[in-house]
Amino acid sequence: MTARQVQLPPSAADAKWADKAVYAAGAVVWRLVDGKLRILLIHRTKYRDVTLPKGKVDPGEMLAETAVREVHEETGIRVALGVPVGISRYHLASRKQKVVHYWAAEATDAAIRASTFVPNREIAALEWVSVKKARAALSYPVDLEILEAFAALVDDGVLRTFPVIALRHAKALPRSEWDKADAARPLSDRGKRQAKAIVGPLRAFGVRKIVTSDAVRCVQTVTPLAKALDRKPVLTEKISQDAWEDGVADLRSVVGRRIRAGKPAVLCSHGPVLPALLSEIALATGTVHGSYVGSAADLETGAFSVVHVSATNPGSGIISIETHAPKV
């Protein structure tokens, strides 16, 4: 009996165990070979099956960093995540439900050359195949559903994308405990933990450019990320709360520059500013403003929304938005 087979509903005695889902993450890894799309499949040694790279979440991890880590561990290839392509759910032999989140992820030529993969006790082989051959080769219907979601994006002309990430600063000291200028209010101890916790997930989306409000709590939020990337953040009052409240903010120029650049970037700002920031991203990409834009702006401290935009036609509208929050 494989780990993927669906089990019968649990008995009353087992119900307390069944509600403890096992979370995992993975990716549909793709590349172009002579202009033709190829998908990466893994042949697992133990189960003698063909599936997509994925694995369980480690303690303290967020799903996006799990996906990147597992792809690298199973294939030797380092990827940055693109658009989400679905969630699969099935039951394990233990009767627990397994929930797996998937993203599309391009394997660059450099990443493939750098791979040190060799067949091992877990993975017997890697295989690059067409979407058609992947449909025939995959061992499980849940994997086929993820592949079809990916294929639909390809059919829509959405293969390469880049993220613009709206980040709300981490938890700051309460105003009641701070008697100086609000812009100088620093992070609390919890906020500092949040700032460290989001480094992995933000790196998972390939972030290279960091733009932040010049308020201390925003600058401190992106400092761990900047150190990890060895990049100097761009500080600007254009997306600060003070400028927003004074009516002199300039979100449009900041967002427009990031869309024109077409590179993965994070914009760190404040709760009251985020709805307008997300609206400007929608406007810059020709997206019809919907409730989902407002929902993406409703972030708790330290949380962020990843806005995926077409790299070849950024004016075609937002492809998808996903929101992540640290567990601290």
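In this text the structure is predicted, and so the values were computed from the model without any measurement.
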(message) Under a 3.5 Å distance rule, please check whether Ser115 uses its side chain to pair with a backbone N or O of Ile112 as donor and acceptor.
(response) no
(message) Before you tell me yes or no, could you show the steps for Glu122 and Lys46 under side chain to side chain contact (heavy atoms under 4.5 Å, CB included), namely the whole-Å CA-CA distance, both residues' side-chain angles and the distance that decides it to 0.1 Å?
(response) CA-CA 6 Å; Glu122 183 179 359; Lys46 179 179 178 181; over 6 Å; no
(message) Tell me the closest heavy-atom pair linking Thr312 and Gly157, and the distance in Å.
(response) OG1-O, 4.5 Å
(request) Considering non-hydrogen atoms only, spot the tightest contact between Thr66 and Gly55 and give its length. (result) CG2-O, 3.6 Å
(request) Determine yes or no for a side-chain-to-main-chain donor-acceptor pair under 3.5 angstrom, with Glu106 supplying the side chain and Trp30 the backbone. (result) no
(request) Determine the minimum heavy-atom distance between Gly317 and Thr287, stating which atoms define it. (result) CA-OG1, 3.3 Å
(request) Identify, with sequence neighbours excluded, every residue that meets side chain to side chain contact (heavy atoms under 4.5 Å, CB included) alongside Thr236. (result) Val211, Lys238, Ile239
(request) Mind checking the CG-OG spacing from Leu277 to Ser213? Nearest 0.5 Å is all I need. (result) 11.0 Å
(message) Do Leu159 and Phe150 make a side-chain contact, defined as non-hydrogen atoms from C-beta onward lying under 4.5 Å apart?
(response) yes
(request) Check the hydrophobic clustering (I, L, V, M, F, W, Y; side-chain heavy atoms under 4.5 Å; chains of links allowed) and say if Leu187 and Val216 are grouped together. (result) no
(request) Please check if the side chain of Ser139 supplies one atom and the backbone of Val50 the other of a donor-acceptor pair under 3.5 Å. (result) yes
(message) Between Gln194 and Lys171 (side chain of the first, backbone of the second, donor and acceptor by atom type, cut-off under 3.5 Å), is there such a pair?
(response) yes
(request) Would you please classify the geometry between the His324 ring and the Trp103 ring as parallel, tilted or perpendicular, with 30° and 60° separating the classes? (result) parallel
(message) When you measure from the side chain of Glu61 to the backbone of Asp58, do you find a donor-acceptor pair of N or O atoms at a distance under 3.5 Å?
(response) yes
(message) Could you check whether any side-chain heavy atom of Arg44 comes within less than 4.5 Å of a side-chain heavy atom of Ile42, counting everything from C-beta outward?
(response) yes
(request) Could I get the full list of side chain to side chain contact (heavy atoms under 4.5 Å, CB included) partners for Ala152, not counting sequence neighbours? (result) none
(message) Using the ring pair (Phe, Tyr, Trp, His ring centres under 6.0 Å) criterion, which residues pair with His270? Sequence neighbours excluded.
(response) His169
(request) Step through the shown structure and confirm whether more than 12 heavy atoms of other residues, nucleotides or ligands are within 6.0 Å of NZ on Lys133. (result) no
(message) Under a 3.5 Å threshold, yes or no: a donor from one side chain and an acceptor from the other, between Asp250 and Ser253?
(response) yes
(request) State the NZ-CD1 distance between Lys132 and Ile39, to the nearest 0.5 angstrom. (result) 15.0 Å
(message) Is the shortest side-chain heavy-atom distance between Leu153 and Val83 below 4.5 Å?
(response) yes
(message) For a quick test of reading the model, state the closest non-hydrogen atom pair linking Ala311 to Phe162 and the distance between them.
(response) CA-CD2, 3.9 Å
(message) Side-chain heavy atoms nearer than 4.5 Å, only ILVMFWY residues, links allowed to pass through others: does that put Leu283 and Val254 together?
(response) no
(message) Quick check: closest heavy atoms across Trp128 and Ala107, and the distance to 0.1 Å?
(response) CH2-CB, 3.8 Å
(message) Between Trp178 and Arg175, is there a side-chain heavy-atom distance shorter than 4.5 Å?
(response) no
(request) Give a yes or no on whether the backbone of Asp242 and the side-chain of Glu245 come within a donor-acceptor separation of less than 3.5 Å. (result) no
(request) For the residue pair Leu41 and Thr51, establish whether any side-chain heavy-atom pair is separated by less than 4.5 Å. (result) no
(message) Quick check against the 3.5 Å criterion: does Arg208 have a side-chain atom that pairs as donor or acceptor with the backbone of Pro264?
(response) no
(message) Quick one: does any side-chain atom of Arg185 pair with a main-chain N or O of Leu173 as donor and acceptor, under 3.5 Å?
(response) yes
(request) Identify the two heavy atoms, one from Ser310 and one from Ser316, that lie closest to each other, and give their separation to 0.1 Å. (result) CB-OG, 3.9 Å
(message) For the CZ atom on Arg31, are there more than 12 heavy atoms of other groups (residues, nucleotides or ligands in this structure) within a distance under 6.0 Å?
(response) yes
(message) To the closest 0.5 Å, what do you measure between CG (Asp49) and CG (Leu138)?
(response) 9.5 Å
(request) Mark yes or no for whether Asn120, through its side chain, and Val118, through its backbone, hold a donor-acceptor pair below 3.5 Å. (result) yes
(request) Examine distances only and state if a side-chain atom of Thr45 and a backbone atom of Ala124 form a donor-acceptor pair shorter than 3.5 Å. (result) yes
(request) Please assess Lys209 against Val234 for the test side chain to side chain contact (heavy atoms under 4.5 Å, CB included), listing each intermediate value before the final yes or no. (result) CA-CA 8 Å; Lys209 186 74 173 182; Val234 176; 3.8 Å; yes
(request) Spell out, yes or no, whether Val129 and Leu126 are grouped together once hydrophobic residues are joined by side-chain heavy atoms under 4.5 Å, including indirect joins. (result) no
(request) Verify whether one side chain among Ser305 and Thr323 offers a donor that lies under 3.5 Å from an acceptor in the other. (result) yes
(request) Compare all side-chain heavy atoms of Arg190 with those of Arg193 and state whether any distance is below 4.5 angstrom. (result) yes
(request) Before giving the answer on side chain to side chain contact (heavy atoms under 4.5 Å, CB included), spell out for Leu63 and Val57 the whole-Å C-alpha distance, their side-chain angles and the decisive distance to 0.1 Å. (result) CA-CA 7 Å; Leu63 286 164; Val57 175; 3.6 Å; yes
(message) A side-chain contact here means heavy atoms from C-beta on lying under 4.5 Å apart; do Lys98 and Lys56 qualify?
(response) yes
(message) Walk me through whether Arg38 and Leu32 qualify under side chain to side chain contact (heavy atoms under 4.5 Å, CB included).
(response) CA-CA 6 Å; Arg38 294 292 181 263; Leu32 294 178; over 6 Å; no
(request) Supply the atom-to-atom distance Thr285 OG1 to Glu280 CD, rounded to the nearest 0.5 angstrom. (result) 10.5 Å
(request) May I ask you to say whether Asp143 pairs ionically with Lys54, meaning some side-chain N is under 4.0 Å from a carboxylate O? (result) no
(request) Would you indicate whether Arg78, at its atom CZ, is surrounded by more than 12 heavy atoms from other residues, nucleotides or ligands within a distance under 6.0 Å? (result) no
(message) Hydrophobic clusters here meaning ILVMFWY residues chained together by side-chain heavy-atom distances under 4.5 Å, can you tell me if Ile321 and Ile165 are in one?
(response) no
(message) Can you tell me how far apart CD1 (Ile123) and CD (Glu73) are? Round to the nearest 0.5 Å.
(response) 10.5 Å
(message) Please determine whether residues Val266 and Val306 belong to a single hydrophobic cluster, defined as Ile, Leu, Val, Met, Phe, Trp and Tyr linked transitively by side-chain heavy-atom distances below 4.5 Å.
(response) yes
(message) Just verifying a value: how many Å separate Leu267 CG and Arg257 CZ, rounded to the nearest 0.5 Å?
(response) 12.0 Å
(request) Would you check if Leu229 and Arg203 make a side-chain contact, meaning some heavy-atom pair closer than 4.5 Å? (result) yes
